[in-house]
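Notes follow once the structure below has been shown.
All ligand and atom numbering here is 1-based and tracks the order in the structure.
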Amino acid sequence: MKFGTKAIHAGVEPDPSTGAIMTPIYQTSTYVQKSPGNHKGFEYSRTHNPTRNALQNSIAALENGKHGLCFSSGLGAIDAIIKLLSPGDEVISTNDLYGGTYRIFTKVFAKYGIKFHFVSMDKPETIEKYINENTRLIWAETPTNPMMNIIDIQALAAIAQKHDVILGVDNTFATPYLQNPLDLGADLVMHSVTKYLAGHSDVVMGALVVNNDKLAEDLAFIQNSCGATPGPQDCFLVLRGIKTLHLRMERHCQNGKTIAGYLRNHPKVDKVYWPGFEDHPNHEVAVKQMSDFGGMISFTTVGDKQEDAMTILENLHYFALAESLGGVESLCGHPASMTHASIPREERLKVGLTDSLIRLSVGVEDAEDLKNDLAEALSKI
Ligand SMILES: *Cc1c(COP(=O)(O)O)cnc(C)c1O
């Protein structure tokens, strides 16, 4: 099955009792048993729910994986991964990382005796010096947030396999439409379903996809034991969102290309970060592992003044100033004062996250209107 067909059909069947083509919202906490233990595979909704099962199978199919597991948020999914580990275990993570992931690693799990190394993965071979007999997990995000760096998943997978370490990839920015980490050798794919998969800024959810049966069993045990599971209404909304994932992503990519090109030629814009540019430092890796370049773009303005960024953000109309990304509507944000405010200025300047950097999640509106919106806002500085 090709991607668009999978987005619509994979994992979902007409409801056996009525033929309803849409998966019903099984709004139930429990299931009646004929005699103790005599049930149809459903006992309690934290453990199994038919609406959630359909969604888990759908997301697994999109990632070409065997097992899907959904959680009540992206961080709930990451929480389950780290609970596979034990005190003394070590994790090597990208340093250009979603802030909430950095927070759960350093503020929650470090105190349980798990050690995290944050390293640049632009050159994957450099991570080998951090691997020792306690290393259990390599954690990568690509493209990274907000600098849109690209990390070579295949090269990381080769290192992970050589040292018998699990490779986990946060595929939120790329989505399974653009990139399938399991096919590139990763063991585990994570999504903040909140973003492109749900796609309509109306749900918070997370997902994991794996091929290995034992890993799936261990994660399902944590999913049920720790209980960060999503409700059936939210699962329904995501099933509905996924049916247009390929159509939305096609437009996100088209609009992303248009807006990145527009910004690059604007006299008041300094740098534009978007992996589709041929002179992006890891463009070749992006071409190798992604089918297109997505709708996430960051840019800075000439002179790099924070007040210019503020003026632009206040004068954008269709780009709403808000955290999050991946919805049909365009969003904008100022990482230095919003998502990345906890990182010291000197540290963020080192990676190019300067005072005027603006991050755009380009939506699926008409590109002409988005360009005009940016032109108007840029005219104010
Ligand atoms: C939003 C996000 C998360 C966290 O997901 P939630 O659904 O907000 O818990 C993790 N990784 C990335 C890249 C994200 O954008």
| With a distance cut-off below 6.0 Å to the six-membered ring centre and an angular limit of 45° from the axis, does R248 pair with Y196 as a cation-pi contact? | no

| task | Return the orientation label for the F293 and W274 ring planes: parallel under 30°, perpendicular over 60°, tilted otherwise. | result | perpendicular

For ligand 1, list all ligand N or O to protein N or O distances below 3.5 Å, rounded to 0.1 Å.
| unit_1 | atom_1 | unit_2 | atom_2 | d |
| --- | --- | --- | --- | --- |
| ligand 1 | 5 (O) | S192 | OG | 3.0 |
| ligand 1 | 7 (O) | G74 | N | 2.9 |
| ligand 1 | 7 (O) | S192 | OG | 2.8 |
| ligand 1 | 7 (O) | T194 | OG1 | 2.7 |
| ligand 1 | 9 (O) | G74 | N | 3.0 |
| ligand 1 | 9 (O) | L75 | N | 2.9 |
| ligand 1 | 11 (N) | D170 | OD2 | 2.6 |
| ligand 1 | 15 (O) | K195 | NZ | 2.8 |

| field | More than 12 heavy atoms of other groups within 6.0 Å of F116 CZ | value | yes

| Separation of I358 CD1 from L313 CG (nearest 0.5 Å) | 4.0 Å

| request: With sequence neighbours excluded, tell me which residues meet ring-ring contact (aromatic ring centres under 6.0 Å, His included) with Y98. | output: none

| So, K123 and D152, do they make that salt bridge, N to O below 4.0 Å? | no

